[in-house]
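Each remark here refers to the structure printed beneath this line.
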Amino acid sequence: MTLILGFDDYLSPAQQLAKSLSAAFKQVELHKFPDGETKVTLPTILPKHIIICRTLNNPNAKITELIITAAAAKNRGVKHITLVAPYLCYMRQDIAFNPGEAVSQKIIGNLLAAYFDSVITIDPHLHRINKLSEAIPITQACALHATGAMSEFLQQHFSQPVLIGPDEESEQWVKAIAQPHQWPYVIAKKARFGDKNVAVTLNTHDKHNIKALSLSDRDVIIVDDIASTGKTLEQAVKQIQQQAPMSISIIVTHAFFVDNALTRLKDMGVTNIWSSDSVLHSTNAFSIIDTLARQLKKMNIAD
Ligand code: R5P
């Protein structure tokens with residue numbers, strides 16, 4: 001039987017994954033020593049194939065613990081280790097933007113490839129590459145999307161919303177959600193000047209009809225993969241508000257909303273702020289665990 005290993009910081013989704021796969025679940029115990037190191041204790045009996053489920057927000061300590069876990073499992077005779085990381089860290093720095101900068105995507109990707117036989121994630125930040133295997137050089141590197149779960153969730157709340165993508169990269173997700181329902185959508189343009197400094201320009205022509213689309217009195221939903229500082233969303237909200245919509249909602253895969261981003265967005269009048277459980281957050285409203293479970297079954301990773 002497949003065994004899912006989870007950690008206390010992502011326990012409930014990992015247990016849910018085990019349930020969806022009818023797999024056994026055990027927790028990896030972590031003990032923090034006073035000097036900041038971690039003692040990692042695995043279950044005493046391990047099958048030949050294990051799945052480690054841990055999301056990789058706040059990644060620095062987690063990566064070390066993950067590598068210790070995977071190496072210990074291999075030392076104990078485990079033959080195949082799958083990493084299920086609903087949020088995959090260090091994918092943004094895919095080139096050296098300035099002289100001297102390390103290309104973290106490649107470095108962390110190679111590290112994961114050395115310890116894991118399969119890696120599955122949701123909406124990783126792959127800007128300049130097409131496939132996850134270009135970042136993590138293994139055959140079974142699989143990037144799934146939250147769009148199916150988002151679409152299912154949104155249709156329970158709206159009948160004819162307008163979707164907004166805050167930048168060109170978001171078009172892939174917005175389109176995947178909008179097209180099955182024939183919901184109109186608009187993709188804005190974004191320029192980034194720094195971590196917390198972005199400009200969003202909205203030109204509301206409908207991608208389907210190539211005609212001007214009014215947002216006034218419409219339910220408008222901004223869709224993005226990640227809300228980090230929330231600045232992208234804030235700027236998009238400002239643009240949308242100029243057209244007096246009925247409501248503005250936000251849906252993202254990965255919720256960080258650092259500092260007081262959530263409060264700022266609510267204070268601006270955003271009605272709903274929703275995210276998936278890829279990162280545990282107060283805005284979690286729908287789950288990507290079934291999406292991961294389906295893929296694991298399809299890849300014959302879970303018995
Ligand atoms: C950018 O390419 C991403 O899709 C997000 O729009 C971006 O990372 C959000 O970051 P922030 O919340 O800091 O504006």
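Whatever order the structure lists them in is the order used to number ligands and atoms, beginning at 1. We count residues from 1, following the sequence as given. Just so you know, these numbers use all the heavy atoms, side chains as well, and skip hydrogens, waters and symmetry mates.
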What is the nearest protein non-hydrogen atom to atom 4 (O) of ligand 1, stated with its residue, atom name and distance? Asp225 OD1, 2.6 Å
Could you walk me through whether Ser275 and His254 satisfy the side chain to side chain donor-acceptor pair (under 3.5 Å) test, starting with their C-alpha distance in whole Å, then the side-chain angles of each, then the deciding distance to 0.1 Å, before giving a yes or no? CA-CA 6 Å; Ser275 66; His254 311 297; over 6 Å; no
Would you say His125 contacts ligand 1, with heavy atoms under 4.0 Å as the rule? yes
Does either side chain, that of Ser151 or that of His181, offer a donor lying less than 3.5 Å from an acceptor on the other one? yes
Is the cationic atom of Arg54 (NZ for Lys, CZ for Arg) positioned less than 6.0 Å from the six-membered ring centroid of Tyr10 and within 45 degrees of its normal? no
Under a plain distance cut-off of 3.5 Å, with no hydrogens placed, do Tyr87 and Asn58 share a side-chain donor-acceptor pair? no
Taking the six-membered ring for Trp, are the ring centroids of Phe153 and Trp274 within less than 6.0 Å of each other? yes
Say whether Ile226, considering both its backbone and side-chain N or O atoms, lies within less than 3.5 Å of an N or O atom on ligand 1. no
Applying a strict 4.0 Å limit to heavy atoms, is Ser170 in contact with ligand 1? no
Walk me through it: do Thr283 and His281 pass the test side chain to side chain donor-acceptor pair (under 3.5 Å)? CA-CA 5 Å; Thr283 55; His281 191 266; 2.8 Å; yes
Considering heavy atoms of the protein only, find what lies nearest to atom 14 (O) of ligand 1 and give residue, atom and distance to 0.1 Å. Thr232 OG1, 2.5 Å
Looking only at heavy atoms of Val198, does any of them come nearer than 4.0 Å to an atom of ligand 1? no
Quick note on ligand 1: atoms under 4.0 Å from a heavy atom of Asp167 include exactly 1 (C), 2 (O), 4 (O), 6 (O)
Closest approach of any protein heavy atom to atom 11 (P) of ligand 1, naming residue and atom: Thr229 OG1, 3.4 Å
Checking side-chain hydrogen bond (donor to acceptor under 3.5 Å, both in side chains) between Gln93 and each of Glu101, Lys106, His125, Gln105, which is the one that passes? Glu101
Is there a polar contact between ligand 1 and Asp224, counting only N or O atoms under 3.5 Å apart? yes
Is Asp195 salt-bridged to Lys231, going by a charged N under 4.0 Å from an acidic O? no
To which protein heavy atom is atom 10 (O) of ligand 1 closest, and what is the distance rounded to 0.1 Å? Arg192 NH2, 3.3 Å
So is Gly230 touching ligand 1 or not, going by heavy atoms under 4.0 Å? yes
Side chains of Glu65 and Thr38, donor plus acceptor under 3.5 Å: yes
Ligand 1 to Ala227, heavy atom cutoff 4.0 Å, flagged ligand atoms 12 (O)
Using 4.0 Å as the upper bound for N to carboxylate O, is an ion pair formed by Glu168 and Lys190? no
Which of the ligand 1 atoms, numbered from 1, are nearer than 4.0 Å to a heavy atom of Lys190: 1 (C), 5 (C), 6 (O), 7 (C)
With the threshold set at under 4.0 angstrom, would you say Glu234 reaches ligand 1 through any of its heavy atoms? no
Pairs of nitrogen or oxygen atoms closer than 3.5 Å, one from Glu169 and one from ligand 1: do any exist? yes
Give the residue and atom name of whichever protein heavy atom lies nearest to atom 8 (O) of ligand 1, and the separation in Å to one decimal. Arg92 NH2, 3.1 Å
